[in-house]
Asker: 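Can you read through this structure? Questions will come right after.
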Amino acid sequence: KEKVRDTQAISDTYLSATEHEKLIHKETLQHVLTAIEQLPAQSKQVFTLSRLGDLSHKEISTHLSISPKTIEGHITKALKYLRKSLASLF
């Protein structure tokens with residue numbers, strides 16, 4: 001019976017760690033989404049279409065009627081902001 005209890009304790013610890021990891025993942029995701037929401041409107045739209053919508057720079061350029069270079073600028077600006085704003089998490 002003692003071994004069964006030890007196994008149960010290990011199992012409980014594993015499940016707790018897994019739940020803890022899920023909570024950390026959820027909180028991290030919330031921080032990322034909040035940071036994306038704080039981007040300037042155009043940068044947020046371009047970043048979202050690129051990273052979440054999986055569109056190419058050319059597709060975004062056509063969709064928004066702005067140059068591919070402007071798209072690159074918005075994505076660069078967004079990534080710099082996100083790196084800086086989320087640095088404390090990583």
Side-chain angles (χ1 to χ4, degrees):
K1 283 188 173 184
E2 195 61 40
K3 285 186 179 181
V4 171
R5 287 185 193 149
D6 289 343
T7 304
Q8 185 62 43
I10 292 169
S11 178
D12 289 346
T13 301
Y14 174 76
L15 290 174
S16 295
T18 302
E19 290 302 316
H20 181 71
E21 289 169 357
K22 287 179 186 176
L23 179 61
I24 290 172
H25 183 276
K26 183 178 179 182
E27 289 175 354
T28 302
L29 179 59
Q30 188 57 49
H31 285 292
V32 170
L33 294 174
T34 298
I36 291 170
E37 284 298 317
Q38 294 173 351
L39 290 168
Q42 189 78 31
S43 293
K44 179 173 108 177
Q45 184 178 24
V46 168
F47 182 82
T48 302
L49 289 170
S50 172
R51 296 307 196 260
L52 304 178
D54 203 27
L55 296 179
S56 70
H57 291 190
K58 185 174 180 170
E59 291 169 320
I60 298 168
S61 174
T62 301
H63 180 71
L64 298 179
S65 300
I66 54 180
S67 78
K69 279 291 189 191
T70 302
I71 300 299
E72 289 176 27
H74 282 297
I75 291 174
T76 299
K77 182 179 179 180
L79 288 172
K80 282 181 183 178
Y81 173 79
L82 293 173
R83 275 189 212 105
K84 183 178 178 181
S85 113
L86 300 170
S88 65
L89 296 176
F90 301 103

Asker: To the nearest 0.5 Å, what is the distance between CD1 (Ile71) and OG1 (Thr76)?
Answerer: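 So the gap between those two atoms works out to 11.0 Å.
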Asker: Taking the side chain as every heavy atom from C-beta outward, state whether Ile75 and Arg51 have any atom pair closer than 4.5 Å.
Answerer: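 Result yes, sub-4.5 Å side-chain heavy-atom pair found.
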Asker: Other than Ile24, which residues form its hydrophobic cluster under the rule that side-chain heavy atoms must be closer than 4.5 Å?
Answerer: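 ILVMFWY cluster around Ile24 holds nothing else.
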Asker: Per the side chain to side chain donor-acceptor pair (under 3.5 Å) rule, what does the pair list look like for residues 80-90, sequence neighbours excluded?
Answerer: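 Non-adjacent pairs meeting side chain to side chain donor-acceptor pair (under 3.5 Å): Gln38-Tyr81.
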Asker: The criterion is salt bridge (Lys or Arg N to Asp or Glu O under 4.0 Å); which residues satisfy it with Glu72, sequence neighbours excluded?
Answerer: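 Counting only residues at least two positions away or on another chain, Glu72 forms a salt bridge (Lys or Arg N to Asp or Glu O under 4.0 Å) with Lys69.
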Asker: Test of understanding: with side chain to side chain contact (heavy atoms under 4.5 Å, CB included), list the residues that count as partners of Leu89, not counting sequence neighbours.
Answerer: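 With sequence neighbours excluded, Leu89 shows a side chain to side chain contact (heavy atoms under 4.5 Å, CB included) to His31, Leu86, given in chain and number order.
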Asker: Test of understanding: with side chain to side chain donor-acceptor pair (under 3.5 Å), list the residues that count as partners of Ser67, not counting sequence neighbours.
Answerer: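 Side chain to side chain donor-acceptor pair (under 3.5 Å) check on Ser67 returns Thr70.
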Asker: Without placing hydrogens or testing angles, list every side-chain donor-acceptor pair under 3.5 Å for residues 57-64, not counting sequence neighbours.
Answerer:
unit_1 : atom_1 : unit_2 : atom_2 : d
Glu59  : OE1    : Ser56  : N      : 2.7
Glu59  : OE1    : Ser56  : OG     : 3.3
Ser61  : OG     : Ile66  : O      : 2.3
Thr62  : OG1    : Lys58  : O      : 3.1

Asker: Run the side chain to side chain donor-acceptor pair (under 3.5 Å) test against Ser43 and tell me which residues pass, sequence neighbours left out.
Answerer: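 So Ser43 forms a side chain to side chain donor-acceptor pair (under 3.5 Å) with His74.
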Asker: Find out whether Ile36 and Leu82 are in side-chain contact, i.e. whether some heavy atom of one side chain is under 4.5 Å from a heavy atom of the other.
Answerer: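 Side-chain contact under 4.5 Å: yes.
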Asker: Could you work out the complete set of other residues in the hydrophobic cluster of Leu33, with links drawn between I, L, V, M, F, W and Y side chains under 4.5 Å apart?
Answerer: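 Answer for Leu33: Leu29.
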Asker: Taking only residues two or more places apart in sequence or in another chain, which ones pass salt bridge (Lys or Arg N to Asp or Glu O under 4.0 Å) with Lys44?
Answerer: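 Once residues adjacent in sequence are excluded, the partners of Lys44 under the salt bridge (Lys or Arg N to Asp or Glu O under 4.0 Å) criterion are Glu37.
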